[in-house]
Amino acid sequence: MTPEELSTTIARALATLVDEGTLRLPDGVPADVVVERPRNRDHGDYATNVALQLAKKAGVSPRELAGMLAERLTGSPGVASVDIAGPGFLNIRVTADAQGVLAAQVVAAGPSYGTSQTLAGTRFNVEFISANPTGPLHLGHTRWAVVGDAIARVLEAAGAEVTREFYINDRGSQMEKFGASLEAVALGRAVPEDGYHGAYVHDLAQLVVAENPHIVDLPEGERTVAFREAGYKLQLTQQQQQLSAFRTDFDIWYSERSLHDGDRVAHSLERLREQGHLFEADGALWMRTTDFGDDKDRVLVRSNGELTYFASDTAYYVDKRERGFDVCVYLLGADHHGYVGRLKAMAACAGDDPEVNIEVLIGQLVKILRGGEEIRLSKRAGTMVTLQELVEMIGVDSLRYTLSRYPADSPLTLDVEEITRQASDNPVFYVQYAHARLSAILRNGAELGITPAGAGGSGFDPSLLSDELEGELLRSLADFPRVVATAAQLREPHRVARYLEDTASKFHRFYDSCRVLPMGDEEPTAVHSARLLLVAATRTVLANGLGLLGVGAPERM
RNA sequence: GCCCCCGUAGCUCAGGGGAUAGAGCACCGCCCUCCGGAGGCGGUGGCGUAGGUUCGAAUCCUACCGGGGGCACCA
């Protein structure tokens, strides 16, 4: 009995009451009856507030409606008891066997347990990081790598079709400064004031010269371009390798330059012109984003004929839509939040629905502490801690888990000592340890010749999982699909992490008081194999959940 | 000046209208005869302020106070 099944049962009971004429619901039976897990155990296994919600519409008192429903629900398959509480809550207890069968369902579903079709048929483009290829990836990028990737995974679990995309900002003045900086360093000249300064610039310059010994002999202008291009390739390759090692893989690396090859920009301007939101003023071409709530209109083509960055963004967006994506998700840093309004307005100018086709998620800053002090400076980049340094300091699993257990829109302070500690007070180890322990129990069981019930042909009696702590664990496992679906819907993968911590805790409590394997010479019984099935189910859920965060689920630690 | 985000325990953070607001750190205690003690159990302690909507608000709305960020024919 999952919350979803219970919800359906309640909806059916409501429908019956309506059919009988006992109840009148002008708006019909709600499609989704909310079933929640009460905090307080005295309030049952599950509770619903439908009676409170519908009472006014039905023209009866909440408790009266609750009474009708309770009567109808009592005796339904899987329902052990129904109580009316407070202003009109229905507190429901389910039978042990109805609840226990879930263990078998989870094991049967395996890696697919937790997936759904709630977003099936929708094509998502998730763009994240999109760093300039002019330097190493840093702490900020690291957060988007984790969150963007986890969002993509969770969307896929909800049945969506997802493309992960990295937009390479390989065009424009930053690139010129980058080339000039490399060149200056290689020639022993002073780096331009507004150029790039970190130590990595020196390393890169050296590499460039090592690979192209004759580059320094090129004529003035040509030389800068050659440095820019060589540095770009090296830097991009480094970013790609580091991200791949960080288990963040992109389907598409989209070069801004490629956008300007061919007629894509002109094409997108044409599209916008057709929609009637372009105009010329002061010799420049503008988009009237104020038609859609932006605080000012935006220039696309400057009076000197140059395209603005915003023109690229617009063409890029139009291109994404023409590639067939229904929803374009952008993960941007907090410093770009001023961009949200104009991006949305731009989508509207292109004839799209800004509430549907474009989503801009703003991530807040991360600070990192070590020894109680904020780490600000990086040896390599000069300004910020790099992804590489973070991985070396913290490790991929810990880093990924820690960054994915907080909502991206809340500012965050991490303590290096705390998140690398190999102890239960470190959430990532707490969850991974639970998985390793579950794996160990299954290994030990196999050695004793005990297999999970139902798996090896032995019958599974779900009513044997009747302990209060087994019930708690089962209900937690039953929540998983809903948690994943919600995480996908809200683009909040941190919900998965929090859920895993809670489930791991439920497991440890169960383990502490329910003996799974036979003690000493004890003969294996049906209880042992039933519990072993519950262990297998729990392991499946933890492994699937960790997988959604891109974190490993170790068999041993 | 205008716009956006954030104020929850001493600290770092969860809580997308529901019943007694949670977790980790820190501090004080308790629990191992056998499945991994990398575990379990308990204690101390909190929703910035004032209104409003609601049967019900940490959650939605308004104002104020406090913190952060953004407002280019920059990229």
Side-chain angles (χ1 to χ4, degrees), chain A residues 34 36 38-40 42-43 47-49 52-53 55-56 61-62 85-89 91 132 134 169 171-177 256 281-286 295-296 298-304 306-313 333-341 362 364-365 367 369 405-407 409-415 417-419 421-427 429-430 432-434 436-445 448 450 486 489-490 492 494-495 497-498 501-502 504-505 507-509 511-522 528 531-532 535 556-557:
Chain A
V34 177
E36 54 181 19
R39 285 201 189 87
N40 188 334
D42 295 340
H43 297 151
T48 179
N49 60 3
L52 287 155
Q53 304 287 5
K56 195 171 278 180
S61 81
F89 289 105
N91 294 336
N132 292 332
T134 56
N169 290 277
R171 197 171 167 279
S173 68
Q174 290 306 314
M175 289 301 287
E176 307 310 321
K177 289 173 188 169
E256 184 185 353
D282 310 325
L285 181 66
W286 299 68
D295 46 9
K296 63 183 71 166
R298 305 292 169 175
V299 172
L300 292 171
V301 184
R302 290 180 210 141
S303 49
N304 65 9
E306 277 178 33
L307 293 165
T308 61
Y309 195 80
F310 188 56
S312 285
D313 281 351
D335 54 338
H336 282 73
H337 97 259
Y339 232 68
V340 178
I362 293 297
Q364 294 292 327
L365 295 175
K367 274 195 267 187
L369 302 179
R405 73 187 286 270
Y406 302 100
D409 59 5
S410 72
L412 183 58
T413 305
L414 301 180
D415 185 315
E417 279 81 16
E418 203 166 302
I419 65 182
R421 206 173 305 166
Q422 310 258 325
S424 62
D425 48 36
N426 181 354
F429 280 94
Y430 185 78
Q432 286 188 319
Y433 173 69
R437 192 182 231 187
L438 287 156
S439 304
I441 298 170
L442 287 162
R443 275 197 303 273
N444 296 343
L448 294 172
I450 307 170
T486 305
Q489 203 172 0
L490 300 176
E492 292 184 350
H494 76 275
R495 288 165 184 276
R498 301 290 170 161
E501 290 163 28
D502 185 58
S505 165
F507 160 66
H508 284 307
R509 243 171 264 165
Y511 173 88
D512 219 49
S513 73
C514 297
R515 179 78 200 187
V516 178
L517 298 175
M519 299 221 287
D521 299 333
E522 195 186 349
H528 296 123
R531 285 183 174 166
L532 207 52
V535 164
R556 291 185 164 83
M557 290 176 74

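Below, chains carry the letters A, B, ... as their sequence lines are ordered, and counting in each starts from 1.
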Of the nucleotides [options], which has the atom closest to the [X] side chain?
| X | options | answer |
| --- | --- | --- |
| M557(A) | U20(B), A38(B), A19(B) | A38(B) |
| N91(A) | A19(B), G36(B), G16(B) | A19(B) |
| K56(A) | A19(B), C55(B), C35(B) | C55(B) |
| V516(A) | G36(B), G18(B), C35(B) | C35(B) |
| H494(A) | G15(B), U20(B), C13(B) | G15(B) |
| R498(A) | G36(B), A14(B), U12(B) | A14(B) |

For atom [atom1], what is the distance between [N] and [M], given to the nearest Å?
| N | M | atom1 | result |
| --- | --- | --- | --- |
| C13(B) | G46(B) | C1' | 13 Å |
| A57(B) | C3(B) | C1' | 27 Å |
| C55(B) | A14(B) | P | 32 Å |
| A72(B) | C64(B) | P | 25 Å |
| C5(B) | C27(B) | C1' | 34 Å |
| G48(B) | G16(B) | P | 16 Å |
| G7(B) | C47(B) | C1' | 10 Å |

Rounded to the nearest angstrom, tell me the gap between atom [atom1] in [X] and atom [atom2] in [N].
| X | N | atom1 | atom2 | answer |
| --- | --- | --- | --- | --- |
| D42(A) | A19(B) | CG | C1' | 11 Å |
| D415(A) | C25(B) | CG | P | 12 Å |
| D502(A) | G24(B) | CG | P | 11 Å |
| L52(A) | G17(B) | CG | P | 15 Å |
| Y433(A) | G40(B) | OH | P | 9 Å |
| L442(A) | G36(B) | CG | P | 11 Å |
| E501(A) | U12(B) | CD | P | 18 Å |
| R39(A) | A19(B) | CZ | P | 5 Å |

Item to check | Short side-chain N/O contact from T413(A) to OP1 or OP2 of C13(B), under 4.0 Å | outcome: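 So the side-chain polar atoms of T413(A) do come within 4.0 Å of the phosphate oxygens OP1 or OP2 of C13(B), strictly under.
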Mind checking [X] for me? I need base, sugar-phosphate or nothing, with any heavy atom below 4.0 Å counting as a touch.
| X | result |
| --- | --- |
| R509(A) | sugar-phosphate |
| E36(A) | sugar-phosphate |
| P407(A) | sugar-phosphate |
| R495(A) | base |
| Y406(A) | sugar-phosphate |
| N444(A) | sugar-phosphate |
| T486(A) | base |
| E417(A) | nothing |
| L412(A) | sugar-phosphate |
| A85(A) | base |
| A436(A) | base |

Checklist entry - Across all strands shown, which nucleotide pairs with G46(B) by Watson-Crick or G-U wobble geometry, both distances under 3.5 Å? => result none
Next on the checklist: Strictly by Watson-Crick or wobble contacts shorter than 3.5 Å, is anything paired with C71(B), and which nucleotide is it?
Outcome noted: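 Pairing partner, where one exists within any strand: G1(B).
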Checklist entry - When the nearest nucleotide of RNA chain B is assigned to H508(A) and to R443(A) on a heavy-atom basis, which residue is associated with the more 5' position? => result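 It is R443(A) whose nearest nucleotide is closer to the 5' end.
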Checklist entry - Is the aromatic ring centre of F89(A) closer than 5.5 Å to the centre of the six-membered base ring of A19(B), with the two planes inclined by less than 30°? => result yes
Next on the checklist: Treating primed atoms plus P, OP1 and OP2 as sugar-phosphate and everything else as base, which nucleotides of nucleotides 67-75 of chain B get B, S or - for protein heavy atoms under 4.0 Å?
Outcome noted: --BSSSBSB
Next on the checklist: Can you see whether Q174(A) engages T134(A) through a side-chain donor-acceptor pair at a distance of less than 3.5 angstrom?
Outcome noted: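 Per modelled atom types, Q174(A) and T134(A) side chains form no pair under 3.5 Å.
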Next on the checklist: Distance alone, cut at 3.5 Å: any donor-acceptor contact between the side chains of S505(A) and R509(A)?
Outcome noted: yes
Next on the checklist: Can a donor-acceptor pair be found, under 3.5 Å and without considering hydrogens, that links the side chain of D282(A) to the backbone of A284(A)?
Outcome noted: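 Looks like no, no N/O pair under 3.5 Å.
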